[in-house]
Colleague: 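Mind having a look at this structure? Questions to follow.
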Amino acid sequence: MRYEPRKTEQKWQKIWEENCLYETDLNDEREKFYCLVMFPYPSGDKLHIGHWYNFAPTDSFARYMRMKGMNVLEPMGFDSFGLPAENYAISHGMHPKKSIAHNVATMERQLKEMGSMYDWSKEVITCVPEYYKWTQWMFLQLYKKGLAYRKNAPVNWCPSCQTVLANEQVQDGTCDRCHSAVTKKDLTQWFFNIKKYAERLLNFDGMDWPEKTKLMQEYWIGKSDGAEIDFELVPDKDNEIRGTGEKITVFTTRIDTLFGCTYAVLAPEHELVAKISTKKRLQEVNEYVASTRRKNDIERSSEEREKTGVFTGGYVINPVNGEKVPVWVADYVLASYGTGAVMAVPAHDTRDYAFAKKYKLPIRSVIKPRVGMVKEGEAFVEYGLLENSGDFSDLTSEEARVEITKKLEGEGKGRTTISYKLRDWLISRQRYWGAPIPIVYCKKCGEAAVSEKDLPVVLPDEVDFEPKGDGKSPLASSEEFVNTKCPKCKGPATREVDTMDTFMCSSWYFLRYIDSKNGEKPFDKNMAKKWLPVDMYVGGPEHACMHLLYARFLTKVLYDAKIIHFDEPFTRLVHQGMITKDGSKMSKSKGNVVSPDSFVEKYGSDVFRMYLMFMGPFTDGGDWNDRGITGIARFADRVWTLMLDKHAEKDTEALLRELHGAIKKVGEQIEVFHFNTAISAMMELTNLAYKDGMSLKSKKLFAQILAPFAPHLAEEIWQELNKDAQQGLGGNPVAEPRLGLKEEFAGTFNSIFNTEWPKYNKKYLQAATFELVVQVNGKVRGRIQAEMGISKEEAIELALTQPNIAVFIKDKKRLKEIFVPDRLLNIVVAV
RNA sequence: GCCCAGGUGGCGGAACUGGUAUACGCGUACGUCUCAGAAGCGUAUGUCGAAAGACUUGCGAGUUCGAGUCUCGCCCUGGGCACCA
C-alpha cells in the first residue's frame with residue numbers, strides 16, 4: 001500500500017477536528033502547560049516559509065509535552081491592527097476590515113493544513129471590538145495608576161507613515177517599517193511611564209531566556225550609576241540671569257574628573273539655553289538651535305560625527321573649585337538623557353576632547369594612568385590616579401568618586417543618582433487602523449477617561465483613512481466619532497483621535513487566550529491563576545526590545561494593580577532563527593518570498609515540516625533551498641514501508657538498543673529544541689530496522705516518538721498497527737492509555753496523541769562489548785572489540801597482541817599509558 | 001567604535017564533562033532490479049597517496065599523554081547597540 005500524504009493528512013485533520021481532539025479543557029486536573037508562539041501579523045495575504053519554520057517545530061514541541069502527560073494549551077490568533085495591515089489595505093484599495101478578514105481566512109486555512117494542534121476555539125483577533133475593548137481597558141488601568149500621561153515633546157516622526165514612532169521603533173535613525181529617515185516633531189502625545197519600571201525590568205530571576213535577549217534588554221534599559229552636580233550660573237548684565245541662584249544640573253558617571261571640567265554643554269533643547277545666552281550671542285545661538293531641529297536623527301549623528309556647537313556667552317561655577325567655566329550649546333549632548341546638560345572634561349572623554357580641539361577650548365589632565373603613559377592626541381578615559389585636583393590629588397578614581405560626591409552632598413551641590421537610557425513608551429499613532437485611545441476632552445473638565453462600562457470606544461468604519469500628508473489623525477475627520485459627551489459633566493466634548501500603538505494590543509494577548517469569549521472581563525482571574533504565566537514562548541529575536549519588553553512592563557503593572565498574580569509573562573523563551581533566501585531577508589519588495597503551499601501540495605505537511613526541522617538547529621535558521629527535501633520524503637516512505645512490512649517476530653539486540661537509544665535521544669533533543677538531531681536518531685533507527693526487521697511492539701514505540709514530528713503519518717501508522725494487533729499479528733491488542741480523551745469520544749477513536757510518551761529501558765542501552773580505541777602517542781593506531789569493564793592491564797595486554805599496534809611501539813621505551821575505561825587507551829613511548 | 005554569537009567535507013549539518021572528527025541527510029560514483037528509464041534496494045564517498053602512511057575543524061601560538069572543544073593574539077561572517085557623558 002502506498003502512502004498518499006495529501007489524502008491521509010486531510011483525512012486526519014477532519015477526524016481530529018470532528019473529535020475536538022485539540023480542544024483544551026482548561027479545567028482539566030492534569031498539570032497545565034501553556035505553549036505559545038508569537039501570533040502572526042496578517043499584513044500580507046499568506047504565511048511564508050518563515051512562519052512555518054517558527055510554528056511547526058513549536059507545534060512538535062507542544063505535541064511532545066502533551067504526550068508527556070501535560071494538559072497543553074497551544075492557541076493561535078492574529079495581531080491584526082497596525083500600520084502594515086493598513087498599508088496593505090490601502091495598496092489593495094480595500095478597507096482594512098475587509099483585507100484583514102480575507103488574509104486571516106487564508107492564514108487560518110494554511111495553519112490548519114499544517115496539521116498543528118492549535119485550539120481554534122480560543123482564537124484571538126486583536127482588531128475586533130470584543131478584543132480591543134479590553135486593550136482600551138488596559139489603557140485605563142495604566143491611566144488610573146498615573147502611568148499613562150500626555151505630554152508635549154519632540155517626538156520621532158516618520159514622514160512616510162505619517163505617524164509618530166516609539167523610540168524602540170526607530171532603527172539607525174529610520175522607521176523600522178518603511179526605513180524612511182525619522183525626523184523630530186513637537187507634538188502632544190500619550191506616553192506610558194515604562195521608565196518607572198526600568199529597575200524592575202532589569203531583573204530576570206527565574207527566567208529561562210536566551211542570554212543574548214536578556215543582554216539586549218539590559219543594554220536597552222541602559223542603567224548608569226553616577227551623580228548630578230549643580231553648576232551655579234554667573235549673573236551677567238547682558239543676559240537674563242540676574243543672580244537668582246539659577247543653576248545648571250549636569251549628570252556624570254565620572255565625578256572623579258570634575259577638576260578637569262573646562263566648559264559645560266547644554267543640549268539645544270535645554271530650557272536654559274535662551275536665558276543664559278548673552279544678547280550679543282543670542283541670535284547665533286537661536287540659529288544653531290533652529291538648525292539642529294531641522295536635522296533628522298541620521299544627519300544629527302552622522303556627518304562624520306563632526307561635532308558642532310556655539311558659545312552662549314554665559315558662564316557657570318564649578319562647585320568643587322569655584323572656577324568659572326563657559327557654557328556652550330552643542331547637539332552632541334542629548335536632551336533626552338540624564339539632565340540634558342554635561343560637564344565637559346576634554347582630557348578624559350573622547351567626545352569632549354574632539355569638541356575642545358575643534359573650538360580651541362582648554363584641556364586639563366586630572367587623571368593619570370596608574371602605569372604607563374597617556375597616548376598623545378587622545379583622551380585618557382580609564383580610571384587612574386587623580387592629579388591637579390586640589391585635596392583630592394593622588395586618590396584613585398574609585399576613592400575620588402566617593403570623596404568628591406561626599407563633599408558636594410555636604411554642600412548641597414551634588415548627589416548620587418541613576419540614569420537610564422530607556423525612554424517612556426510613546427503609544428499615540430496618527431493612523432486609523434488601531435484601537436482608539438479611550439479619552440475625551442471637555443472644555444470644562446479637561447481631559448477625562450471614558451468609563452469602563454462605556455467601552456469599547458468603537459473604531460468607526462466610514463472614515464477616509466488614507467494619510468493626507470498633513471500629519472492629522474484620520475479619525476479627526478469623523479464628526480460622528482469626535483463629538484461626544486463628557487463622562488463627568490455630560491456637556492459636549494471631543495474624543496482623542498489618535499489610536500494606540502499595535503504593540504499595546506500584543507502586550508497582553510496571552511492573557512486573553514485563556515478566556516477569549518468573556519464579554520464581562522478581559523479574562524477570568526482564577527483561570528489566569530491556573531494557566532499563567534506562559535511556560536514556553538517562541539518567537540523572533542527582533543522583538544527583544546519591543547514586544548517582549550512591553551509585555552513584561554504591562555504584566556508588572558497588572559501585577560501591581562493586583563489584577564494578576566505573576567509579574568513575568570514568559571517563563572521560558574526560545575527564538576527561532578531567520579530563514580533567508582539567497583542570503584537576504586525575504587520580503588515582498590525583493591520578490592524572494594518562498595511560499596510553503598507548493599511544497600505541502602507536493603510532499604505533504606509532515607515531510608515539509610520535518611525538512612524545516614532537519615535543516616539545522618532551530619535557533620540558527622539558515623538560507624532556504626529545497627535540495628534536501630527528497631531525503632526527508634524518502635525517510636517518510638521508508639518509515640511507512642518499515643511499519644507495514646519488514647516484520648520480525650523478535651527484535652535483535654542491536655535493534656532494541658537503537659530503539660531505546662532513540663526514545664531517549666528524541667525526547668531529550670525535543671526538550672532543547674534540537675529537532676534536527678532527533679530526526680537523525682529516527683533515521684538511524686529506520687536504517688537498522690530495514691535490515692533487522694522490527695516487532696509490532698517496537699513499531700508502536702517508534703510510531704509514538706515519530707508522532708510529534710509527522711503527526712498525520714504517525715496517526716495513520718498507529719491505526720494500522722492497532723488493526724494488525726487486533727487481527728492477532730503478534731502484538732498486544734489495543735490497550736493504550738487514553739490520556740485526556742473526552743468521554744464521549746473514548747471508545748470510538750483512540751488517537752496516538754492520547755497515548756503516553758514511551759519510556760526507554762536502560763537495560764537495552766548497555767552493550768556487552770565496546771570498541772577500544774588504541775592510540776600511540778595520541779595517534780589512533782587500532783580499534784579492538786573488547787568486553788565492557790576490562791582493566792587497564794587487560795587493555796594494554798590486548799593492545800600489544802595487535803601487530804599493527806606493536807609496530808609503532810616495537811623496541812621503543814614505554815613511558816606511560818593512559819586508560820579511559822570502556823573507551824580508549826593511549827600508550828606513550830619515547831620518540 | 002563597543003557588546004554578543006559563530007567559522008567543521010562539494011552542500012545542510014553531528015560530536016557527552018578535553019578522549020574514535022566528519023553521525024544523519026543531500027549530492028556524486030558503481031552495482032542491482034527493469035525491455036528501458038524513473039523510483040526503490042545495496043555499496044562506496046574528507047584531502048593527498050598505488051600502498052604503507054601523512055595531513056585535516058578560519059589563521060598563528062600555547063596548555064595537555066591527548067584539543068573542533070580550554071588559554072592568548074589575529075582574520076572573517078552574522079546579530080545587536082551606537083555621541084547615553
Side-chain angles (χ1 to χ4, degrees), chain A residues 171-173 210-220 222-224 226 250-255 257 265 300-302 305-307 330-334 336-345 348-352 354-355 381 419-423 541-542 544-545 575 577-578 580 583 611 614-617 619-635 637-638 641 668 674 676-687 690-691 770-783 804 807 815-821 823-829:
Chain A
Q171 287 170 354
D172 297 326
E211 284 308 314
K212 187 180 107 186
T213 311
K214 291 194 267 187
L215 267 178
M216 273 169 72
Q217 291 202 349
E218 219 176 287
Y219 287 138
W220 190 258
K223 180 180 179 174
S224 296
V250 304
F251 173 76
T252 181
T253 52
R254 291 297 303 274
I255 198 167
T257 66
V265 192
R300 211 173 141 167
S301 64
S302 74
R305 298 205 176 190
E306 178 77 27
K307 293 186 175 33
D331 68 357
Y332 80 89
V333 173
L334 307 175
S336 50
Y337 181 76
T339 59
V342 303
M343 61 176 215
V345 185
H348 306 293
D349 181 282
T350 35
R351 295 151 301 185
D352 298 341
F355 192 80
V381 297
S419 251
Y420 300 93
K421 291 184 200 173
L422 186 69
R423 321 267 163 89
E542 67 276 13
C545 295
H575 296 305
M578 197 179 35
T580 55
Y611 179 57
F614 190 63
M615 274 174 63
T619 49
D620 281 12
D623 201 56
W624 170 257
N625 72 69
D626 56 14
R627 281 197 298 274
I629 197 166
T630 51
I632 295 289
R634 233 172 253 164
F635 167 62
D637 275 339
R638 280 165 72 85
T641 310
E668 285 169 355
H674 289 178
N676 54 334
T677 49
I679 291 172
S680 72
M682 291 188 286
M683 285 173 166
E684 287 175 270
L685 175 60
T686 308
N687 291 344
Y690 241 62
K691 288 190 203 120
F770 74 101
E771 197 177 58
L772 175 72
V773 174
V774 182
Q775 300 181 334
V776 178
N777 285 354
K779 288 207 165 109
V780 178
R781 296 302 181 187
R783 298 182 171 96
N804 47 340
V807 165
L815 298 175
K816 62 170 160 177
E817 298 88 10
I818 285 112
F819 180 61
V820 182
R823 200 175 285 250
L824 165 142
L825 175 71
N826 187 11
I827 300 170
V828 186
V829 297

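This is a predicted model, so every value here is computed, not measured.
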Colleague: If you assign A:His674 and A:Asp352 each to the RNA chain B nucleotide with the nearest heavy atom, which residue ends up on the more 5' nucleotide?
Modeller: A:His674
Colleague: Taking the C1' atom in each of B:G6 and B:U17, what is the distance between them to the nearest angstrom?
Modeller: 22 Å
Colleague: Any idea which of B:A14, B:U20, B:G25 is nearest the A:Arg783 side chain?
Modeller: B:U20
Colleague: Choosing from B:C65, B:G13, B:U20, which nucleotide comes nearest the side chain of A:Val773?
Modeller: B:U20
Colleague: Quick one: the dot-bracket string of RNA chain B, using Watson-Crick and G-U wobble pairs with both distances under 3.5 Å, [ ] for crossing pairs and | for bases paired to another strand.
Modeller: (((((((..(((......[....)))((((((.......))))))(((....)))..(((((..]....))))))))))))....
Colleague: On the nucleotide B:A85, are OP1 or OP2 found under 4.0 Å from the side-chain N or O atoms that A:Tyr332 carries?
Modeller: no
Colleague: Quick one: are the ring centres of A:Tyr611 and A:Trp624 less than 6.0 Å apart?
Modeller: yes
Colleague: Base, sugar-phosphate alone, or nothing: which one does A:Ser336 contact when heavy atoms must sit under 4.0 Å apart?
Modeller: nothing
Colleague: When rounded to the nearest Å, what value does the distance between P atoms of B:U64 and B:U71 take?
Modeller: 16 Å
Colleague: When the P atoms of B:A44 and B:C24 are considered, how many whole Å apart are they?
Modeller: 11 Å
Colleague: Would you indicate what A:Glu817 reaches in the nucleic acid, counting non-hydrogen atoms under 4.0 angstrom: base, sugar-phosphate, or nothing?
Modeller: nothing
Colleague: Please tell me which of the listed nucleotides, B:G19, B:A14, B:C83, lies nearest to the side chain of A:Thr677?
Modeller: B:A14
Colleague: Tell me whether A:Asp352 contacts the main-chain N or O of A:Val345 through its side chain, where contact means a donor paired with an acceptor under 3.5 Å.
Modeller: yes
Colleague: Where the side chain of A:Arg638 meets the backbone of A:Met683, is there a donor-acceptor pair that is under 3.5 Å apart?
Modeller: no
Colleague: In whole angstrom, give me the gap between the P atoms of B:C41 and B:C26.
Modeller: 10 Å
Colleague: Between B:G7 and B:U69, how far is it from one P atom to the other, in whole Å?
Modeller: 10 Å
Colleague: Can you find a side chain N or O atom of A:Asn826 that sits less than 4.0 Å from OP1 or OP2 on B:G19?
Modeller: no
Colleague: Please answer whether the main-chain N or O of A:Gly778 pairs with a side-chain N or O of A:Asn826 as donor and acceptor at a distance below 3.5 Å.
Modeller: yes
Colleague: Can a side-chain donor-acceptor contact be found between A:Thr619 and A:His575 if the only test is distance below 3.5 angstrom?
Modeller: no
Colleague: So which nucleotide from B:C24, B:G13, B:C65 ends up closest to the side chain of A:Val828?
Modeller: B:C65
Colleague: What nucleotide among B:A85, B:C65, B:A82 has an atom nearest to a side-chain atom of A:Trp220?
Modeller: B:A82
Colleague: Tell me which nucleotide among B:G19, B:U20, B:C24 gets nearest to the side chain of A:Glu684.
Modeller: B:C24
Colleague: Work out how far the P atom of B:C83 is from that of B:C76, and round it to whole angstrom.
Modeller: 24 Å
Colleague: Quick check for you: among B:C16, B:G66, B:C4, whose closest atom lies nearest to any side-chain atom of A:Lys212?
Modeller: B:C4
Colleague: Taking B:U56 as the reference, what is the distance to B:U22 when you measure between their C1' atoms (whole Å, please)?
Modeller: 10 Å
Colleague: Using the C1' atom in both, what is the distance from B:G13 to B:G31, to the nearest Å?
Modeller: 29 Å
Colleague: Nucleotide by nucleotide, 5' to 3', does protein get under 4.0 Å of the base (B), only the sugar-phosphate (S), or neither (-) in nucleotides 38-57 of chain B, counting heavy atoms?
Modeller: --SSS----------SSS--
Colleague: Need one value for A:Pro617: base, sugar-phosphate or nothing, where a base atom within 4.0 Å counts as base even if backbone is also close, heavy atoms only.
Modeller: sugar-phosphate
Colleague: Would you sort out whether A:Leu772 and A:Leu825 count as a side-chain contact (heavy atoms from CB on, under 4.5 Å), showing the intermediate values?
Modeller: CA-CA 7 Å; A:Leu772 175 72; A:Leu825 175 71; 4.3 Å; yes
Colleague: State, to 0.1 Å, how close A:Val265 and A:Tyr332 come at their nearest heavy-atom pair, and which atoms those are.
Modeller: CG2-OH, 3.7 Å
Colleague: With heavy atoms under 4.0 Å as the rule, sort A:Gln775 into base, sugar-phosphate or nothing.
Modeller: base
Colleague: Which of the following nucleotides, B:C16, B:C4, B:A85, is nearest to the side chain of A:Arg823?
Modeller: B:C16
Colleague: Name the closest nucleotide to the A:Phe614 side chain, picking from B:G19, B:C3, B:C24.
Modeller: B:C24
Colleague: Strictly distance-based, threshold 3.5 Å: is any side-chain N or O of A:Gln217 a donor or acceptor partner for the main-chain N or O of A:Ala544?
Modeller: yes
